[in-house]
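To find a chain, count down the sequence lines: A is the first, B the second, and so on, and within it residues start at 1.
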Number of protein chains: 2
Amino acid sequence: MTNTRYTVAIHVLTLLAYAGPEALTSEYIAGSVNTNPVVIRRILAGLREAGLVRSQGGPGGGWQLLRAPEAVSLLDVLRAVDTEASFPLHATPPNLACPVGRSIQAILTGHFHTAQAAMERELARVSLRDLLEGVKAQPA
Amino acid sequence: MTNTRYTVAIHVLTLLAYAGPEALTSEYIAGSVNTNPVVIRRILAGLREAGLVRSQGGPGGGWQLLRAPEAVSLLDVLRAVDTEASFPLHATPPNLACPVGRSIQAILTGHFHTAQAAMERELARVSLRDLLEGVKAQPA
DNA sequence: CCAATTCGAAACCATCATGGTTACGGATTG
DNA sequence: CAATCCGTAACCATGATGGTTTCGAATTGG
């Protein structure tokens, strides 16, 4: 999994929280992330669908955070980008004539879900505000 | 991450545990997983480096589990295949001239590590023996 | 010693996800 | 009306992944 969208999404949301009510353009944001504005718009489009941000066209437009930073958890962001962080099963279905092949997927699904849930519990404990505090505590 | 090696590794190890002391050939194992023998050998080569299995060439050869099923956890398997399950950071380094860009990676690394650790704690609680019991409890 | 078996490893390929880029239309602002 | 900015499609290079073929080497057992 070399999918960096989750990290970029968190970065961008933290930047928006840092900026407060001011709208930031995708070009400006891309300057902080160090990538292309279209990449930023793609990711922010998903976050908009999740109700986390809004966009505004035209001069003076850009992107704004719709919730208070303490009301957005890292789990919220994960759900918004939906980068299926779980464990993928087999590429091709196992042999159903084999006792192990027949049942392994159902068994693993349960255990993977439990592990995933434990991870999500931790992500739910961290908010954008926590990240902001970390950023501001940074030495110049 | 559409990396199925972890799931296949667990499947194969469960199959070896199911077979007991008998050695299974990569071709036989591939029949259960429903893939190519070389794919199986590739994955098992990694598990051998981790000390989980051994291989034997020639007629009557094949693969055997080196530990008791209850002594192999899903976390052991994850470490063995080392499919960096964590969250990748930025594709290109963020802009260090931006306060958020400068500090976001270090901050996220800590939180990601905490979440990853919680997931691994759950994986450590499940052993191959648990999976075997699930397989054997399966209706014919 | 020989033949069959099995792994080991390299090489190659098709497929797919990803991030980056260009381009252009549409909406908004002033 | 002109400038700004998003929305979206299209295209591309890159890399990871799983599958496949092939051949050599080691081992086993007659």
B:Trp63 vs A:Thr4, nearer the 5' end of DNA chain C by closest nucleotide:
B:Trp63

Working note: B:Thr92 + A:Asn34, criterion side chain to side chain donor-acceptor pair (under 3.5 Å); need CA distance, chi angles, decisive distance, verdict.
CA-CA 7 Å; B:Thr92 138; A:Asn34 200 14; 3.2 Å; yes

Can you name the ring-ring contact (aromatic ring centres under 6.0 Å, His included) partners of B:Tyr18, sequence neighbours left out?
none

Could you list all N or O pairs between the protein and nucleotides 28-30 of chain D that sit under 3.5 Å apart?
residue	atom	partner	partner atom	Å
D:dT28	OP1	B:Gln56	NE2	2.8

Integer-rounded Å distance: [N] [atom2] and [X] [atom1]:
{"X": "B:Arg5", "N": "D:dG19", "atom1": "CZ", "atom2": "P", "result": "11 Å"}
{"X": "B:His90", "N": "C:dG20", "atom1": "NE2", "atom2": "P", "result": "10 Å"}
{"X": "B:Tyr28", "N": "C:dC7", "atom1": "OH", "atom2": "P", "result": "14 Å"}
{"X": "B:Asn36", "N": "D:dT17", "atom1": "CG", "atom2": "P", "result": "18 Å"}
{"X": "B:Asn3", "N": "C:dC16", "atom1": "CG", "atom2": "C1'", "result": "13 Å"}
{"X": "B:Leu16", "N": "C:dC7", "atom1": "CG", "atom2": "P", "result": "11 Å"}
{"X": "A:Gln64", "N": "D:dC5", "atom1": "CD", "atom2": "C1'", "result": "13 Å"}
{"X": "B:Glu27", "N": "D:dG19", "atom1": "CD", "atom2": "C1'", "result": "15 Å"}

Using OP1 and OP2 only, check whether a side-chain N or O of B:Thr35 sits under 4.0 Å from D:dG18.
no

Considering just the side-chain nitrogens and oxygens of B:Thr25, establish if one lies under 4.0 Å of OP1 or OP2 belonging to C:dT6.
no

Partner set under side chain to side chain donor-acceptor pair (under 3.5 Å) for [X], not counting sequence neighbours:
{"X": "B:Ser127", "value": "B:Asp130"}
{"X": "A:Glu122", "value": "none"}
{"X": "A:Thr7", "value": "none"}

Among C:dT18, D:dG18, D:dG7, which nucleotide sits nearest the side chain of A:Ser55?
D:dG7

Heavy atom of residues 38-50 of chain A under 4.0 Å from DNA chain D: which residues?
A:Val38, A:Arg41, A:Arg42, A:Arg48

Which residue pairs pass the ring-ring contact (aromatic ring centres under 6.0 Å, His included) test when at least one of the two sits in residues 103-123 of chain B, sequence neighbours left out?
A:Tyr6-B:Phe112, B:Phe87-B:Phe112

Is the backbone of A:Glu70 close enough, under 3.5 Å, to the side chain of A:Arg129 for a donor and an acceptor to pair up by distance?
no

When the side chains of residues 38-49 of chain A are checked against the rest of the protein, which donor-acceptor pairs come out under 3.5 Å, sequence neighbours left out?
residue	atom	partner	partner atom	Å
A:Arg41	NE	A:Ser26	OG	3.1
A:Arg48	NH1	A:Ser55	OG	2.9

Going by side-chain contact (heavy atoms from CB on, under 4.5 Å), name the residues that satisfy it together with B:Arg54, two or more places apart in sequence or in a different chain.
B:Gln56, B:Gln64, B:Leu66

